[in-house]
Student: 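The structure that follows is given in the form of structure tokens.
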Amino acid sequence: MRHPSEDDLVLYHYRESGRAGEIEAHLGTCESCRSSYRALTSVLAAVESAPVPEPDGAFEARMWHRLEPRLADAAGPGWPAIFRPSRLAFAGAVGVLVVAAFLVGRRYPAAPATPAPAPPTEAAASHEPARERILLVAVGDHLERSQIALVELVNSQARDEMDISSEQRRARDLVAANRLYRQAATREGETAVASVLDDLERVLLEVAHSPSKLSSTEFDEVRQRIESQGIIFKVRVVESNVRERQRQPAGDTVTAQTRS
Amino acid sequence: MEDADAAAVRLACAGDSSAFRLLVERHSRPVFRLAYRVTGNQQDAEDVVQETFYRAWRQLGRFESRSSFATWLHRITVNCALDHVRQRPRHVQLAHDDSSPEDVAAPAGSSAGEVPSPDRLAFSAEVRQRVVSALGELSPAERTAFVLRHFEGHSIEEIGRTLGLRTSATKHSIFRAVQKMRRALEPVTGWVVSLD
């Protein structure tokens with residue numbers, strides 16, 4: 001084979017070459033190319049020493065404090081679509097047309113009466129069920145995942161030595177999500193949901209903080225503690241309640257919530 | 001932590017800014033590191049972090065939870081950093097932070113636990129200075145393509161998609177970047193290689 005060019009060697013180094021096998025074989029026999037390749041890898045290894053400063057301990061807080069006022073001014077994801085700038089511009093244009101139509105209308109005989117447009121307060125209020133619905137869907141999914149994780153754990157076949165490290169990783173991840181949902185449920189006044197999430201969090205934390213290697217007796221104790229608290233049952237009940245509320249039309253959700 | 005990220009994204013989509021704060025706190029350091037690699041300047045990198053999260057907040061409704069939040073944020077960071085570098089005047093593009101040797105945990109070529117000799121320390125400082133200077137000589141496209149390939153391990157095809165370049169143009173950006181790095185570094189690294 002002909003000698004690989006410098007660009008060929010760069011692609012070879014980054015495992016992007018379509019001729020990797022050929023180049024490798026060539027490097028095995030050609031001292032000059034091997035020397036070029038060694039020089040290239042040595043340069044690229046030196047690039048690793050490019051310093052990246054580590055931000056100070058207050059970095060995250062500083063970033064958030066700079067960002068927060070901008071988010072408040074921006075039309076973010078939590079804003080009802082109707083209030084987004086593009087929609088407001090559209091609404092403004094419609095407003096101009098309405099005023100123009102009104103002025104023109106005064107010069108002509110009155111048209112038959114049409115229903116009055118909905119007041120803006122209704123549009124704003126309509127955002128609340130949408131927000132509640134997003135929370136319901138998210139909490140429903142979370143409860144389902146938690147339920148599966150706990151059922152799999154308690155149904156595990158007890159052995160002399162159990163390794164529950166993968167279940168613990170799962171539990172740790174669920175704890176972090178659970179905390180967010182519990183706080184959101186509390187803020188939204190969903191006390192029944194928040195209470196079950198609180199119980200669930202304790203169980204998940206217990207799993208997460210258990211030793212990762214358990215004897216069959218220790219594993220049975222963990223299983224019994226989970227079962228004695230009835231958490232799987234509670235999670236199942238709340239999840240089905242949440243799913244039921246998701247299925248109801250938007251306007252009925254508040255009524256259903258009051259009933260539960 | 002993908003479950004927790006997904007939970008925070010869903011709550012943030014419902015307008016919960018405290019959930020978004022959690023995402024900012026969890027991801028701002030990796031975003032900063034990538035932004036610094038592309039911009040080469042601490043203040044610019046912090047501005048990129050700001051812009052990245054601002055754009056993420058505005059586009060959160062479009063985030064598809066099939067991909068991870070970190071991957072999605074990474075793409076926004078690259079675009080913000082590139083926009084930032086393209087917008088700044090040429091003379092600023094060449095200015096870079098002068099990091100002191102203490103900023104770097106281990107000198108180039110040394111292994112953990114090894115006490116470096118004064119010669120080795122001087123060599124490492126020289127290499128670092130040359131790397132920083134050579135990175136500063138790259139154009140925004142060359143630098144971004146090189147950073148994504150070399151430090152972030154992206155494929156050339158992915159880089160092309162991110163930067164809106166054809167594969168051949170992406171390859172050439174990387175080739176030019178490597179050539180410039182070689183010109184700057186070979187006088188010192190070549191000397192060490194010849195001693196090996």
Side-chain angles (χ1 to χ4, degrees), chain A residues 6-7 10-11 13-14 16 35 38-40 42-55 59-64 66-68 70-72 74-79 81 127 130-135 137-138 141-142 145 170 172-181 183-184 187, chain B residues 1-4 6-8 10-22 24-25 28-29 32-33 36-37 42 46 49-50 53-54 57-58 60-61 97 99 103-104 107-109 124 127-128 130-132 135 149-150 155-156 171 174-175 178-179 181-182 185-186 188-190 192-193:
Chain A
E6 180 179 329
D7 294 348
V10 171
L11 291 178
H13 176 78
Y14 287 130
E16 298 261 9
S35 162
R38 206 162 45 226
L40 172 70
S42 150
V43 163
L44 292 175
V47 172
E48 297 291 333
S49 71
V52 175
E54 191 55 37
F59 175 69
E60 286 84 354
R62 197 169 64 247
M63 287 298 105
W64 176 251
R66 275 178 64 191
L67 190 63
E68 196 178 12
R70 293 182 72 197
L71 302 187
W79 285 64
H127 180 47
R131 182 188 166 106
E132 189 191 322
R133 195 159 283 270
I134 291 171
L135 179 63
V137 172
D141 292 350
H142 170 70
R145 280 198 298 277
R170 188 92 188 107
R172 274 195 290 274
D173 210 7
L174 287 168
V175 165
N178 195 84
R179 194 167 291 141
L180 287 168
Y181 290 130
Q183 288 163 352
R187 274 196 301 274
Chain B
M1 293 306 263
E2 289 194 8
D3 268 350
R10 294 177 96 164
L11 292 172
C13 278
D16 186 337
S17 64
S18 62
F20 192 71
R21 177 181 187 158
L22 196 119
V24 171
E25 289 177 349
S28 51
R29 273 174 200 263
F32 171 84
R33 280 192 281 272
Y36 184 85
R37 292 263 190 227
Q42 189 155 0
E46 290 200 5
V49 174
Q50 288 287 309
F53 282 105
Y54 180 69
W57 168 256
R58 298 195 59 171
L60 209 52
D97 285 350
S99 300
D103 290 339
V104 184
S124 295
V127 168
R128 272 199 304 279
R130 281 172 180 260
V131 170
V132 169
L135 283 168
R149 179 54 265 188
H150 188 78
S155 72
I156 288 174
K171 277 183 187 170
I174 294 170
F175 295 154
V178 173
Q179 275 164 16
M181 300 310 291
R182 284 188 87 155
L185 291 168
E186 256 178 8
V188 282
T189 58
V192 172
V193 168

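In what follows, every chain begins at residue 1, and chains take the letters A, B, ... in the order their sequences are listed. For the numbers below, each heavy atom of this structure counts, side chains included, while hydrogens, waters and symmetry mates do not.
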Student: Decide yes or no for B:Val178 and A:Val43: does some side-chain heavy atom of the first lie under 4.5 Å from some side-chain heavy atom of the second?
Tutor: no
Student: Could you tell me which portion of A:Arg179 (side chain, backbone, both or neither) has an atom closer than 4.5 angstrom to a non-hydrogen atom of chain B?
Tutor: neither
Student: With under 30° as parallel and over 60° as perpendicular, where do the rings of B:Phe32 and A:Phe59 fit, or are they tilted in between?
Tutor: perpendicular
Student: Mind ranking A:Leu180, A:Val10, A:Val47 by heavy-atom pairs under 4.5 Å with chain B and telling me who comes out on top?
Tutor: A:Val47
Student: I need the A:Glu54 CD to B:Tyr36 OH distance, nearest 0.5 Å.
Tutor: 12.0 Å
Student: Please find the pair of heavy atoms, one from A:Arg187 and one from B:Ser18, that lie closest to each other, and give the distance.
Tutor: NH2-OG, 3.6 Å
Student: Pair A:Arg70, B:Phe53 - check side chain to side chain contact (heavy atoms under 4.5 Å, CB included), show working.
Tutor: CA-CA 10 Å; A:Arg70 293 182 72 197; B:Phe53 282 105; over 6 Å; no
Student: Restricting to salt bridge (charged side-chain N to carboxylate O under 4.0 Å, His left out), what partner residues turn up for A:Arg62, sequence neighbours left out?
Tutor: A:Asp56, B:Glu46
Student: Which atom pair, heavy atoms only, marks the closest approach of A:Pro51 to B:Val132?
Tutor: CD-CG2, 3.7 Å
Student: Looking only at heavy atoms and a cut-off of under 4.5 Å, which of A:Asn178, A:Asp141, A:Leu174, A:Leu67 has the most pairs with chain B?
Tutor: A:Leu67
Student: Taking atom CD of A:Gln183 and atom CG of B:Asp16, what is their separation to the nearest 0.5 Å?
Tutor: 8.5 Å
Student: If the condition is salt bridge (charged side-chain N to carboxylate O under 4.0 Å, His left out), which residues does A:Glu48 pass it with, not counting sequence neighbours?
Tutor: none
Student: Can you name the nearest heavy-atom pair linking B:Val127 to A:Ala46, along with the distance?
Tutor: CG1-CB, 3.7 Å
Student: Do the non-hydrogen side-chain atoms of B:Val49 and A:Glu60 ever get within less than 4.5 Å of each other?
Tutor: no
Student: Looking only at heavy atoms, which two atoms of A:Ala39 and B:Glu186 are closest? And how far apart?
Tutor: CB-OE2, 3.6 Å
Student: Is there a donor-acceptor contact under 3.5 Å from the side chain of B:Gln42 to the main chain of A:Pro53?
Tutor: no
Student: Is it the backbone or the side chain of A:Val137 that comes under 4.5 Å from a heavy atom of chain B, or both, or neither?
Tutor: both
Student: What's the spacing between B:Gln179 CD and A:Asp7 CG if we round to 0.5 Å?
Tutor: 6.0 Å
Student: Return yes if some donor-acceptor pair links the side-chain N/O of B:Gln50 with the main-chain N/O of A:Met63 below 3.5 Å, else return no.
Tutor: yes
Student: Is it true that a side-chain atom of B:Arg37 and a backbone atom of A:Ala50 form a donor plus acceptor pair closer than 3.5 Å?
Tutor: yes
Student: State the OH-CD1 distance between A:Tyr14 and B:Ile156, to the nearest 0.5 angstrom.
Tutor: 9.0 Å
Student: Count the heavy-atom pairs under 4.5 Å between each of B:His150, B:Glu25, B:Lys171 and chain A, then report the option with the highest count.
Tutor: B:His150
Student: Side chains of B:Met181 and A:Leu44: does their closest heavy-atom pair fall under 4.5 Å?
Tutor: no
